[in-house]
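The block underneath contains the structure these notes are about, expressed in structure tokens.
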Amino acid sequence: MSQVPSVPAPQTSPASLEPRDQLPPALVPDVQAIMRRDSWGATLAALARALWRAMTLNRKVTAGSAIVGFFVLVAIFGPLFARQDPLKFTRDLLQPPSAAHWLGTNQGGQDVFTQLVIGTRSSLGWALLTGLIVMGISITVGLVSGFFGGIVDDALSLVTNVFIVIPGLPLAIIAVQYFSRTTLTVALVVALTSWAWGARVLRAQTFSMRAREFVTAARASGEHTGRLIFAEIFPNELSIVAASFITTTIQVLLGVAGLEFLGFGDTNSISWGLMLNGAYTGSALFQAAWWWFVPPGICIALLGSGLALLNFGIDEIADPRLRVSRRRRVRRGKAAAA
Amino acid sequence: MRRLIRRLGLYLLAVWAAITVNFFLPRLAPGDPVAALQQRLQQRGSFNPASLDALRAEFGLNTNDPLWLQYLKYLNNLIHGNLGVSITRFPASVGDVIGQDIKWTLVLLSVSVLLSFSLGTLVGIFMAWNRGTAFDTALSSLMMFFYSILYPWLAIVAVYFLGFNLGWFPFAFGYDTSLTPGWSAEFIASAAYHAILPALTLIVSTIAGWMLTMRNSMVTTLSEDYVLLARAKGLSSRRVMFAYAARNAILPSVTGFAIALGTVVGGQLLVEIVFSYPGIGFDLFQAIQGQDYALADGILLLVIVATVFMNLIVDLLYTILDPRVREGRSVSA
């Protein structure tokens with residue numbers, strides 16, 4: 001079942017926002033060299049340097065890491081600075097932004113800014129967690145399918161292709177409405193409907209890798225199959241896994257938020273999607289309470305664009321043709337002048 | 001040809017899988033959905049024994065048939081277009097509700113998707129041609145933001161600022177409700193006017209994807225030798241841009257189009273909800289709110305089947321566009 005146009009494309013669309021074959025070597029730190037350092041301090045310093053190097057290689061990567069890093073910090077430390085209980089009802093109903101309520105209050109008098117900060121943890125956390133589940137499924141299916149080939153591969157590839165064709169959101173709604181409408185259910189359902197692309201890319205890579213010498217050598221030395229797949233082949237695909245994790249996280253962030261907007265998820269917890277649901281069902285629109293529904297959407301789009309920037313930046317590092325150097329522009333200018 | 005037959009088989013399998021999931025999920029779910037529903041309806045005071053019977057019949061829960069027989073009956077019903085009875089729109093059947101509302105969805109969806117795809121692709125071509133300029137950089141960054149936008153959020157913002165606040169556009173329903181639906185010029189004008197804002201929302205939230213895909217694909221193509229040769233031959237810029245580069249660069253966009261369809265259709269459903277648009281997306285929302293499983297499932301199944309079908313069309317298009325696929329050679333782009 002490999003008769004599909006082989007230009008891979010993601011669930012959402014741009015060619016660059018999809019799992020790619022390889023993470024550029026410049027971005028992958030030489031972990032062994034770093035671990036060989038004498039002291040923990042030196043190891044940490046080397047790790048930090050490697051991270052810094054990776055982050056500053058490309059302007060898009062720098063901007064993307066800054067945005068994503070900001071939201072990660074807010075998710076971790078934000079709740080410590082929350083000045084109000086985000087769920088506490090007060091008498092300040094639908095207040096516009098003020099010194100007391102930086103982003104105003106909603107219909108129940110709850111502080112929107114506090115909800116936004118607290119919601120970061122839930123939205124980002126669920127996106128990352130679901131992204132991990134998706135990668136888990138993709139890795140298992142992709143590696144097993146690519147490694148064994150034959151009937152196993154045919155069967156798993158068929159399932160993969162079926163999941164690629166079926167639209168995710170409608171299937172997710174069918175599934176989620178029959179089970180308890182918690183965020184966990186939403187996350188699981190989104191995970192079940194978004195693993196297929198990653199699996200296909202990993203399958204292709206594994207397929208090309210299983211005949212390599214180091215695998216043959218490991219097999220000859222009597223390693224059992226599970227070890228061959230997950231200890232020998234898998235580490236060589238970490239870069240692809242890391243790259244498709246970014247794509248998946250964007251998809252999942254939007255998918256979970258979309259379902260939460262529809263009213264699925266824990267109604268007494270706080271996340272950006274649930275804030276939007278609250279604003280929509282509480283007709284924030286017709287009470288002109290823009291401060292209630294504008295911020296969570298902007299946060300989702302910002303976090304998503306941070307991740308997308310990371311992805312596009314990595315693409316530019318990997319594919320020199322995508323790099324638009326300033327030199328080139330100057331040269332063109334000169335040519336025109338001459 | 002062999003390729004198309006294999007793809008067709010895959011699509012049929014996908015549809016069958018979706019239907020089967022739809023059949024088994026309510027049976028796997030904890031508790032009896034009908035009993036739970038009965039309870040909820042009674043609490044709400046809108047309990048109607050007839051609709052409950054219809055529901056039981058739809059789920060096949062009132063019979064002592066073995067599971068496989070229930071499944072066959074369910075398939076038989078589906079094939080005959082019998083999707084059960086809607087409880088929120090009782091006594092209308094699900095088929096009636098969908099048949100009545102789907103044209104709204106179809107028109108809105110096809111117009112906005114086609115506009116967005118062609119416009120986005122065209123702008124992407126120009127971005128790549130002028131890569132590295134302020135135009136390209138600014139638009140790329142902006143599109144990165146639009147790419148990750150949540151469709152319903154953009155809809156809410158559009159409704160609030162352009163509809164509610166400025167009053168430029170109507171922000172709810174598909175037409176002026178004082179008119180009677182029909183083929184009168186007045187009604188069509190009203191429907192078009194009401195469609196502007198939802199269409200705009202859909203276009204803005206999907207265009208970034210097409211633009212960025214086309215830009216990157218085009219930038220890569222522009223560094224190919226045949227483009228250099230075309231330039232060296234002294235062909236006009238327009239000729240090089242469209243006949244040489246864009247023509248080859250568009251393939252990934254077409255694949256992306258097929259893959260993105262599911263997301264776009266899902267997004268359309270969400271946008272309709274915000275605009276209270278009379279299409280099946282809004283029906284779906286009401287069905288979910290009212291625990292109308294038959295209607296929700298009918299709509300979702302239809303959306304899945306339609307998306308799969310559109311995939312097939314894109315596949316055909318791909319065959320026409322790419323001679324390598326047409327001739328059965330392997331594509332290694």
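Just so it is clear: chains get the letters A, B, ... in the order the sequence lines come, proteins before strands, and each one is counted from 1.
For A:Phe70, the CZ atom sits in a loose shell: 12 or fewer heavy atoms of surrounding residues, nucleotides or ligands are nearer than 6.0 Å. Heavy atoms from other residues, nucleotides or ligands lying under 6.0 Å from CZ of B:Phe309 number 12 at most.
Contact of B:Val15 with chain A is not made at all, since no heavy-atom distance falls under 4.5 Å. Contact of A:Ile298 with chain B is made through backbone and side chain together, with heavy-atom distances under 4.5 Å. Using a 4.5 Å cut-off between heavy atoms, B:Ile273 touches chain A through backbone and side chain atoms alike. At a 4.5 Å heavy-atom cutoff, B:Phe146 makes no contact with chain A through either its backbone or its side chain. The parts of A:Leu302 that come within reach of chain B are both its backbone and its side chain, each placing non-hydrogen atoms under 4.5 angstrom from that chain.
Distance check: A:Leu254 CG to B:Leu270 CG gives 10.5 Å after rounding to the nearest 0.5 Å. Taken to the nearest 0.5 Å, the OH atom of B:Tyr11 stands 12.0 Å off from the CD1 atom of A:Ile166. Put simply, OH on B:Tyr147 and CZ on A:Phe312 are 7.0 Å apart, with the number rounded to the nearest 0.5 Å. Separating the CZ atom in A:Phe261 from the CZ atom in B:Phe285 is a distance of 6.5 Å, to the nearest 0.5 Å. A distance of 5.0 Å separates CG in A:Leu158 from CG in B:Leu13, rounded to the nearest 0.5 Å. Taken from CZ in B:Arg6 to CG in A:Asn161, the straight-line distance is 9.5 Å, to the nearest 0.5 Å.
Put simply, the side chain of B:Ser148 gets close to the backbone of A:Ser305: a donor and an acceptor are under 3.5 Å apart.
B:Leu150 has its side chain out of reach of A:Leu253: every pair of non-hydrogen atoms, C-beta onward, lies at least 4.5 Å apart. The side-chain heavy atoms of B:Trp153 and A:Ile300, taken from C-beta on, include no pair separated by under 4.5 Å.
If you tally non-hydrogen atom pairs under 4.5 Å between each of B:Leu284, B:Val159, B:Val274 and chain A, the highest count goes to B:Val274.
Between B:Ala14 and A:Val162, the shortest heavy-atom contact is CA-CG1, 3.7 Å.
Of all residues spanning residues 300-308 of chain B, those with a heavy atom less than 4.5 Å away from chain A's heavy atoms are B:Leu300, B:Val303, B:Ile304, B:Thr307, B:Val308, arranged by number.
Pairs of residues two or more places apart, or lying in two chains, that qualify as side chain to side chain donor-acceptor pair (under 3.5 Å) and include a residue from residues 266-276 of chain B are B:Thr105-B:Glu272, B:Gln268-B:Glu272.
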